[in-house]
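In what follows, a single structure is set out as structure tokens and then discussed.
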Protein chains: 2
Amino acid sequence: MISQIKQVQGRVFEKLLGEAGIEEFNGPQGRILYVLWQEDNLPIVELSRRTGLAKTTLTSMLDRLEARGFLNRGFDKSDRRIIRIILTDMARSMKDKYNQVSEDMNKIFYKGFSSDEITQFEGYLQKILDNLYKEENNK
Amino acid sequence: MISQIKQVQGRVFEKLLGEAGIEEFNGPQGRILYVLWQEDNLPIVELSRRTGLAKTTLTSMLDRLEARGFLNRGFDKSDRRIIRIILTDMARSMKDKYNQVSEDMNKIFYKGFSSDEITQFEGYLQKILDNLYKEENNK
DNA sequence: ATAGAATAATACTATATAGTACTATTTTCG
DNA sequence: CGAAAATAGTACTATATAGTATTATTCTAT
């Protein structure tokens with residue numbers, strides 16, 4: 001059911017982005033930008049943790065976002081293995097527009113939910129996510 | 001968070017399939033087979049509804065499953081637009097092995113949940129899914 | 001100090017995913 | 001009836017996703 005929700009949510013969100021006139025990036029790219037809007041200058045591995053995407057997935061997605069002028073790759077001074085992802089001003093300027101769509105999406109998603117139910121539901125999600133990460137890492 | 005769960009869950013499930021010695025199909029294919037094990041002889045559009053995948057996604061996935069001998073495409077007698085998906089005996093024979101892995105996955109997923117919490121959580125998921133499908137169809 | 005383990009990132013490859021445009025049917029309704 | 005709309009499926013294309021193997025760098029333990 002989770003997969004199903006993710007799939008349908010993705011298609012609906014894509015449509016909302018279009019209706020809001022956002023042609024510059026799509027849903028999956030928005031998910032990465034969303035994390036970076038909260039905090040950038042992150043190493044790719046950390047971005048992987050925060051998005052749930054494999055780091056090999058990020059390589060190509062970041063290539064595309066870089067090609068379109070959303071971000072730059074910068075070196076880390078103290079550890080040369082690490083590459084840090086920095087948003088461009090253009091990328092920063094789109095944050096508010098995206099958040100508006102995100103709110104609209106949330107309203108659709110949680111239609112008929114009380115705020116207590118939302119809190120409870122999101123607590124369950126966090127617990128499940130912890131369970132999954134524990135399994136992925138500790139084995 | 002839903003996307004993140006789906007992603008990590010997918011990778012963990014893939015690992016469990018490998019550990020169970022199931023090399024014949026992968027997670028996304030398993031998701032399609034799972035629906036067909038419950039009921040086959042379905043049109044592709046109906047399979048799309050039950051999996052949450054777009055019908056164009058199913059075209060190529062069913063091609064691969066057909067090429068590997070899991071299913072056949074059959075004609076519908078009364079409506080020649082419709083193609084019906086029929087499982088092979090080989091596919092049917094793998095149901096139990098898959099269900100075992102599925103149960104293991106569930107245990108990881110819901111570690112620390114009471115059965116009341118699971119029921120409640122899945123009720124929320126169903127409600128969200130209904131919200132999303134309503135939005136996708138009625139607009 | 002240095003060999004081996006660990007970590008960060010990427011290249012390459014295969015599959016998954018969905019949108020647009022199209023064909024072939026069936027349904028609807030004037 | 002017959003034209004237009006609706007429906008089922010596919011071809012083609014672009015992006016997303018992750019696994020394996022590889023390179024470069026840093027850490028660890030003696």
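Labels below follow one simple rule: chain letters A, B, ... track the order of the sequence lines, proteins then strands, and each chain is numbered from 1. Below, all heavy atoms of this structure are taken into account, side chains as well, without hydrogens, waters or symmetry copies. Note that the structure is predicted; figures quoted are calculated from it, not measured.
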_Global bending angle along the helix from C:dA1-D:dT30 to C:dG30-D:dC1, which compares the axes of five pairs at either end, to 10 degrees_ =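 Axis angle across the helix from C:dA1-D:dT30 to C:dG30-D:dC1, nearest 10°: 30°.
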To the nearest angstrom, the CZ-C1' distance between B:Arg81 and C:dT27 comes to 7 Å
From CD of A:Glu66 across to C1' of C:dA9 the rounded distance in Å is 13 Å
Sorted by number, residues from residues 36-57 of chain B placing a heavy atom under 4.0 Å from DNA chain C are B:Leu53, B:Ala54, B:Thr56, B:Thr57
Sequence neighbours left out, what passes ring-ring contact (aromatic ring centres under 6.0 Å, His included) with B:Tyr34? Give chain and number order.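 Here no residue qualifies.
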Do [X] and [Y] have side-chain atoms, one donor and one acceptor, less than 3.5 Å apart?
X	Y	answer
B:Gln29	B:Glu24	no
A:Asp130	A:Gln126	yes
B:Asn131	B:Glu135	no
B:Asp104	B:Ser102	no

| message | Check for me, please, whether B:Val45 and B:Ile85 land in the same ILVMFWY cluster - side-chain distances under 4.5 Å, paths through other members count. | response | no
Is there a path of hydrophobic side-chain contacts, each under 4.5 Å between heavy atoms of I, L, V, M, F, W or Y residues, that connects B:Met1 with A:Tyr124?
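Yes; tracing contacts between hydrophobic side chains, which count when under 4.5 Å, links both residues.
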Sorted by number, residues from residues 70-80 of chain B placing a heavy atom under 4.0 Å from DNA chain D are B:Arg73
Side chains of A:Ile32 and A:Leu53 in contact at under 4.5 Å (non-hydrogen atoms):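 Sidechains of A:Leu53 and A:Ile32: in contact.
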- Between the side chain of A:Ser48 and the main-chain N/O of A:Ile44, is any donor-acceptor distance below 3.5 Å? no
Taken to the nearest 0.5 Å, the spacing of B:Lys55 NZ from B:Glu46 CD works out to 13.5 Å
Under 4.0 angstrom, heavy atoms only, what part of the nucleic acid is A:Glu14 near: base, sugar-phosphate, or nothing? nothing
At a 4.0 Å cut-off to heavy atoms of chain B, the contacted part of DNA chain D spans D:dA6 to D:dG19
**Prompt:** Hey, which of these two, A:Ile32 or B:Thr59, hits DNA chain D nearer its 5' end, going by closest nucleotide?
**Reply:**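 With A:Ile32 and B:Thr59 compared, the 5'-side residue is B:Thr59.
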Donor-acceptor contacts under 3.5 Å from residues 60-68 of chain B side chains, at least two apart:
unit_1, atom_1, unit_2, atom_2, d
B:Ser60, OG, B:Thr57, O, 3.3
B:Asp63, OD1, B:Arg73, NH1, 3.2
B:Asp63, OD1, B:Arg73, NH2, 3.2
B:Glu66, OE1, B:Arg73, NH1, 2.5

ask   = Mind checking whether A:Phe121 and A:Tyr110 have parallel, tilted or perpendicular rings, split at 30° and 60°?
value =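 Answer is perpendicular, since the angle exceeds 60°.
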For this output row, return yes or no: ring centroids of B:Tyr98 and B:Phe13 closer than 6.0 angstrom.
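Between B:Tyr98 and B:Phe13, the centre distance is under 6.0 Å.
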